[in-house]
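The structure appears below as structure tokens.
Because only heavy atoms are used, hydrogens play no part in the values below, and waters and symmetry mates are left out as well, while side chains stay in. Throughout, protein chains are lettered first and strands after them, A, B, ... in sequence-line order, and every chain is numbered starting at 1.
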Amino acid sequence: MGRLYLIQLDGRIYSCRNCRSHLAQCDELVSKSFHCRHGKAYLFNTVVNVSVGPLEDRMMTTGKHTVADIFCNSCQQVVGWKYEVAFEKSQKYKEGKFILERAKMVDGDGSDSFPISDGDDE
Amino acid sequence: MGGDSDVGQPPLKRQKLSKPSHKTPCEGSRTGVAATGSAALMARSICSNDGETVGSHGQIRKVEFVRIIEQALFSLGYQQAGAVLEEESGIRLQSPAVQQFREDILAGRWDECVATLSEIGVLEESTYKAALFLVLQQKFLESLEASNTTAALETLRSEISPLGVSTSKVHQLASFIVCFPEDLLAKAQWKGAGQESRQSLLEELQQLLPPSIMVPERRLEHLIEVALQVQREACVYHNTLDHVLSLYSDHRCSRDQIPTRTLQVVEGDSLKVKYKFTGHSKPVSFVAWSPDDTMLLTCGNEEVVKLWDISTGQCKYTYDKPNSCFTSCAWFPDGKRFVSGGGDKCIYMWDLEGHELEAWKGARMPRINDLAITTDGSHMVSICDHKNIRIYNLEEKTERVIEEEKPITSLSVSKNGRYLLVNLVSQEIHLWDISAATKDLPKKYRGHKQGRYVIRSCFGGTDYAFIVSGSEDSQVYIWHRWNGELLDVLSGHSGTVNSVSWNPVNPHMFASASDDHTIRIWGLSNRPMPKKHDEKPGSSNGFDHLVNGGTRDLLENLRPFNSDTD
């Protein structure tokens with residue numbers, strides 16, 4: 001295939017567990033207390049090296065949202081989703097932010113050298 | 001160009017002529033001749049009313065029009081025709097006083113010149129003095145050359161200095177008195193007494209005096225050339241090598257001046273593999289031909305740089321650094337040095353023997369994503385930290401940084417070294433002027449698709465009037481550089497078009513490389529297919545240049561070239 005364009009991040013980062021391409025920086029982390037089908041998930045302000053899939057409405061524990069799955073640019077695996085619209089006022093803060101599933105990420109570049117302390121459950 | 005783009009009617013911006021007009025009975029008919037340089041007017045007596053205009057928009061004053069035609073006739077050598085025109089129209093190119101003045105200058109009758117100068121129409125004080133100075137200076141220099149020092153001195157004292165024009169020049173003239181006549185010509189930068197210097201004096205005076213008194217030389221030719229220039233610039237598809245445009249009709253290239261038809265589809269195995277370069281352990285992500293086409297630099301994807309000799313197929317040198325993760329390299333135009341940069345945040349300059357000539361490193365150096373050197377070798381452009389364009393002036397060692405808002409995937413510089421083109425992840429292409437002030441906004445081109453891959457774009461066509469880029473929707477996009485208009489979208493490929501490269505010698509051909517494992521050569525749609533061997537300089541250079549931009553994927557798709565690809 002063509003030459004993939006992958007953005008390299010500096011500092012403490014999270015990478016795709018499958019292909020080690022950088023996904024997000026620790027500084028962009030908003031909350032660790034999210035959940036998905038496969039376990040824990042983190043909310044980030046911005047992520048890189050992902051492409052956004054089609055929008056769909058989903059019913060979540062916190063209400064109805066319009067979300068789009070996000071895929072790692074390099075290995076095409078689903079790594080989380082993006083909140084497009086939140087129907088409940090209290091959930092509006094999520095709009096435009098990204099969820100990355102903890103199971104699909106590794107800390108750092110893959111060295112797993114930073115132990116993660118998970119936050120409180122929602 | 002200040003004029004409105006009135007087809008065939010270049011507006012004249014000159015002051016109104018103040019001459020005595022002949023009061024012949026007006027016939028009240030306008031000529032309405034289009035200004036296309038036709039030399040003959042209709043043989044009718046024409047009223048020379050000052051306010052009368054010609055042309056369909058009423059913007060051309062007839063008197064001025066006739067005068068410049070007369071001047072064109074005279075300068076073409078048609079003295080009689082010019083004289084007849086003057087007689088018939090009653091409009092003289094120059095007033096008799098000016099005529100006399102010209103003759104006096106060319107004959108060297110300086111005193112008469114001075115006298116006439118005061119008569120030839122209304123002049124501003126300063127212009128009058130400046131003109132007088134020029135005439136007297138010529139008189140002075142000519143007397144000096146004839147070794148008539150006393151007369152020269154007399155001129156200087158009584159005629160030139162009282163003028164009060166530029167005392168420094170007066171002093172300079174005074175210093176000439178003590179020179180030998182032989183040195184005089186060199187020192188004064190003067191051609192010596194004679195027709196040539198008098199002619200140039202006349203030209204200087206012409207520029208000084210207002211144009212209504214002495215019409216500037218070759219005025220009509222100049223106006224037509226300006227009109228042609230406007231047409232040429234307005235022609236969106238202009239892509240010909242002709243420099244001479246016809247005057248008979250407005251110039252407008254049709255769409256078939258741009259290559260839109262696939263001439264050739266080059267599949268992976270139809271290319272004859274000349275050499276297999278093995279040695280890289282990571283996929284080859286960057287390839288650069290040396291300016292003399294004898295050597296090739298290859299860069300692994302965050303790996304070492306290797307220099308190959310094309311004639312032998314051997315790797316001449318491997319450039320390595322601890323933690324080498326070079327991503328790109330660029331040749332200097334002399335073909336003896338190149339720079340490389342990468343994720344280790346250093347840029348190195350190397351020579352062909354493997355020596356490191358210079359290094360840019362340090363704590364503040366960012367990660368380098370792409371590098372290029374302008375064709376004149378004056379600037380080094382690098383993409384740093386995905387979003388910054390750093391233009392480094394190699395001679396002055398100064399730097400200019402342009403910050404983009406979205407990550408940049410690729411960079412290319414134009415052949416004339418003035419512009420650079422960057423592709424952004426946000427599906428825009430920005431054109432920046434290397435030398436302009438940082439505050440100017442770039443030209444932007446949109447329409448193509450990009451998001452995951454490195455898509456390359458380049459300049460193309462004569463005068464680099466086109467911007468062409470690949471796209472993730474398998475099409476090639478062509479924009480007009482100046483107005484940003486999307487001219488054409490070419491389909492044909494069945495995969496992402498990664499890279500395009502315009503033939504540097506043939507403005508009607510370019511190549512594109514795609515994920516569908518083919519390279520397509522595009523040409524004009526109404527030309528017969530060129531045979532591969534006939535167009536030797538065209539297609540072979542085209543292919544070389546193609547390889548520069550397109551082989552990246554050619555190399556990745558042709559397995560023989562590399563041991564592991566995706």
Side-chain angles (χ1 to χ4, degrees), chain A residues 1-28 44-55 67-84 96-98 100 104-106 108-111 113, chain B residues 282-287 299-302 325 327-328 342-345 366-370 383-387 406-410 423-426 449-456 470-472 474 493 495-499 513-517 549-557 565-566:
Chain A
M1 54 181 180
R3 189 169 150 214
L4 276 175
Y5 182 67
L6 294 175
I7 298 181
Q8 314 287 323
L9 297 170
D10 291 319
R12 287 190 57 184
I13 52 177
Y14 292 98
S15 316
C16 174
R17 190 180 289 267
N18 207 15
C19 62
R20 302 288 189 255
S21 48
H22 299 186
L23 290 179
Q25 285 179 305
C26 282
D27 300 339
E28 296 289 310
F44 289 90
N45 270 322
T46 59
V47 295
V48 294
N49 297 332
V50 296
S51 35
V52 184
L55 292 175
V67 298
D69 282 336
I70 51 179
F71 304 85
C72 170
N73 268 348
S74 171
C75 60
Q76 295 291 70
Q77 205 194 38
V78 176
V79 290
W81 64 88
K82 177 185 179 187
Y83 286 107
E84 205 62 44
K97 296 196 179 24
F98 301 83
L100 289 178
K104 306 280 174 66
M105 293 192 283
V106 289
D109 295 50
S111 47
S113 53
Chain B
K282 289 214 187 137
V284 176
S285 61
F286 201 94
V287 162
C299 227
N301 203 357
E302 305 222 332
C325 44
T327 54
S328 50
D344 60 350
K345 304 190 181 170
R367 183 176 284 132
I368 309 294
N369 300 106
D370 212 338
I383 306 292
C384 308
D385 281 339
H386 300 283
K387 289 189 190 165
K406 297 283 168 166
I408 298 169
T409 63
S410 67
N423 276 60
L424 303 178
V425 158
S426 54
K449 289 228 167 320
Q450 176 167 7
R452 287 183 68 201
Y453 296 107
V454 174
I455 303 282
R456 296 198 162 258
S471 166
E472 285 175 11
S474 324
H493 278 295
T496 301
V497 180
N498 291 296
S499 184
S514 158
D515 272 351
D516 61 1
H517 302 258
T551 316
R552 165 175 347 240
D553 305 286
L554 171 60
L555 287 181
E556 289 178 350
N557 291 320
T565 51
D566 60 330

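Annotation for A:Ser51 and A:Asn73: closest pair OG-OD1, 3.1 Å, computed over non-hydrogen atoms.
Contact tally against chain B (heavy-atom pairs below 4.5 Å) for A:Leu9, A:Val48, A:Asp10: the top residue is A:Asp10. Comparing B:Asp385, B:Val425, B:Asn369, B:Ile408 by heavy-atom pairs within less than 4.5 Å of chain A, the highest count is held by B:Ile408.
For an aromatic pair to be called close, the ring centres must be under 6.0 Å apart, and A:Tyr14 with A:Phe44 satisfies this.
Heavy atoms of B:Thr496 lying under 4.5 Å from chain A are absent altogether. With a threshold of 4.5 angstrom between heavy atoms, B:Val497 does not approach chain A through any atom at all.
Remark: the B:Gln450 side chain and the B:Thr409 side chain contain an N/O donor-acceptor pair separated by less than 3.5 Å.
Among residues two or more places apart in sequence or in another chain, the side-chain contact (heavy atoms from CB on, under 4.5 Å) test is passed with B:Ser410 by B:Asp370, B:Asn423, B:Val454, B:Arg456.
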